[in-house]
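Heads up, the thing below is written out as C-alpha cells.
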Protein chains: 2
Amino acid sequence: MSARRTSPPEVYLPPSEDIPFNPRVPGIDYGVLDRLLGYAVRRAQIVQYELFIAGLARWNITPPRFSAMVIISRNPDLKLTELADVLGIARSGAVALINSLEGMGYVRRVPCPTDKRALGLQLTDQGRADLQAITEAVDESDRRGAQALTEAEQAQLLALLAKIAGSGASA
Amino acid sequence: MSARRTSPPEVYLPPSEDIPFNPRVPGIDYGVLDRLLGYAVRRAQIVQYELFIAGLARWNITPPRFSAMVIISRNPDLKLTELADVLGIARSGAVALINSLEGMGYVRRVPCPTDKRALGLQLTDQGRADLQAITEAVDESDRRGAQALTEAEQAQLLALLAKIAGSGASA
DNA sequence: TATTGTTATACTCTATAACTATA
DNA sequence: TATAGTTATAGAGTATAACAATA
C-alpha cells in the first residue's frame, strides 16, 4: 500500500483495435451508475479525452502537455513548483512533463534572477508558434465534443461544472 | 511510441502531503482552459474522484471496482469480455480487475453451461452484502460532490453530461 | 530549518501480443 | 478461422523519499 495518488493519471495515445468507448452499451443495466454524478462526469471525460487524442494525434500533444503550455504562456516565469500545484501533480511529475516539452523544443528553463534555486519556465518561439495551431485543433475537438448542445446549454454546462469543481476545492 | 490507450487510467488511493487539487489557483491566468468544456470536465472529475477516494477509503474500493460490482450485480452471468466492453478497458485489464475483486471475496467465476470457453461473473454473498454498504458510501460522497447544486441543477447537469457522452459514442 | 529542482524507486493502470481451449 | 479467457511484457503517469544547492 504505497504510491498514493491525489489525482487520476492522464496519458493519451491514439485508439487502436478497440472500438471507441461506448458510454451506454445496449442491453446493459447500469443500476445506480446512471444516477451518479461522478459516473456521468467520468463517462463524459472519457469521450472528451478520446476526441482530444483523435484531434491532436499529429502534434503528439496530451491534455497535460497542452495545459502546461497554456499555463506557461499566460503566466510569465512561472516556477516549476507553481506549475505542479496548478496541474495538481507532484513536483517530480512536473519535471518529467517539462522534460518532455523541452525535448519537443516547446519549453525552456531560464534561471531566476531573484532566487538561484528556482527557474522560470518559458515557451520557445517554436512553442509559441505551435501553441497557436495546437489551440485551434483543441478548440475544434472541444467543439465536436459539445456539438450535441446548444450555445446556451454549453454555457450552462460550463457553469455547473465550475460549481461542483469549486465546491470540492474549498472543502 | 507504443502502449496505446483508448481510455484514461483510473486508480485511486487516499491523498497525502499534497493539499487537495485546487481547480482555480489564485493569481493564475488559465487562458483558454477556462472556456474549454474538456478542461471543465477534467477539473470536475478530479474533484469527484478525490471525494470518492476519501469516502471509500475503508473499503479499499476504487471507481472501476465499484462500477464492475454494480454491472455484475445487475447483469447476471455477464461474461468477462462484455464487462471489459462496458467499462471501456481491454480484456487483460478486466482479468486483473476480476482477480482483485475475487481476492477480496466479492466476485466469483462460474463456468458457462452453453460455452465452455466463457465464464459467468457473479457476486458472492459477501459481495452482495458489502455492495449495499459501499453503495451508500458512494451515494454519500456523490451527494457531497453535488452539494453546491440545487436538485434541479443536478438533474440538469446529469442530462447535459449524458448528452455530450452520447454524442461522442455514435460519432 | 525550509524550499527548489532533481533523481531514484515503486506502484497502478493500461495496451499489445501471444497462448490454450474451445467454438 | 474466430472467439473467450489468460498470461507475459512494456509503456505512461503518478507518488514518495532522499539529495544538493540555496534561501
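Atom pair L83(A):CG and dT3(C):P shows a separation of 19 Å (rounding to whole Å applied). Counting to the nearest Å, the P atom of dG5(D) and the CD1 atom of I98(B) are 10 Å from each other. Note: CG (N60(A)) to P (dG11(D)) measures 15 Å, nearest angstrom. Here dA8(C) presents its C1' atom at 14 Å from CG of N99(A), a figure rounded to the nearest Å. The nearest whole Å value for the distance from the CG atom in D85(B) to the P atom in dA4(D) is 9 Å. The nearest whole Å value for the distance from the CD atom in E82(A) to the C1' atom in dT4(C) is 11 Å. As a whole-Å value, the separation of I53(A) CD1 from dT14(C) P is 16 Å. A straight line from CG of L87(A) to P of dT14(D) spans 9 Å, rounded to a whole angstrom.
Here the CD1 atom belonging to I71(B) is positioned 12.0 Å from the CG atom belonging to D85(B), to the nearest 0.5 angstrom.
Interface remark: the R91(A) side chain does form a donor-acceptor pair with the dG5(C) base, using a distance-only criterion of under 3.5 Å. Residue side chain S92(B) does not reach the base of dT14(C) through any donor-acceptor N/O pair under 3.5 Å, judged by distance alone.
For the pair R117(A) and G93(A), nearest-nucleotide mapping onto DNA chain D gives the more 5' position to G93(A).
With distances taken from any side-chain atom of K116(B) to the nucleotides dA23(C), dG5(C), dT22(D), the minimum falls on dA23(C). In the set dT6(D), dT14(D), dC13(C), the nucleotide with an atom closest to the side chain of L80(B) is dT6(D). For A118(B), whose side chain is taken as the heavy atoms from C-beta onward, the closest listed nucleotide among dG5(D), dA23(D), dG5(C) is dG5(D). For I89(A), the listed nucleotide lying nearest its side chain is dT14(D); candidates were dT14(D), dA21(C), dT4(C).
Annotation for R74(A): atom CZ does not count as buried by contact number, only 12 or fewer foreign heavy atoms lying within 6.0 Å.
The shortest side-chain heavy-atom distance between K116(B) and P111(B) does not fall under the 4.5 Å cut-off. Within the 4.5 Å cutoff, side-chain heavy atoms of K163(A) are placed close to those of E153(B).
Residue contacts for L119(A): at a heavy-atom cut-off of 4.0 Å it reaches the sugar-phosphate backbone alone, with no base atom in range.
Looking at R35(B) and D139(A), a side-chain N of the basic residue comes within less than 4.0 Å of a carboxylate O on the acidic one, giving a salt bridge.
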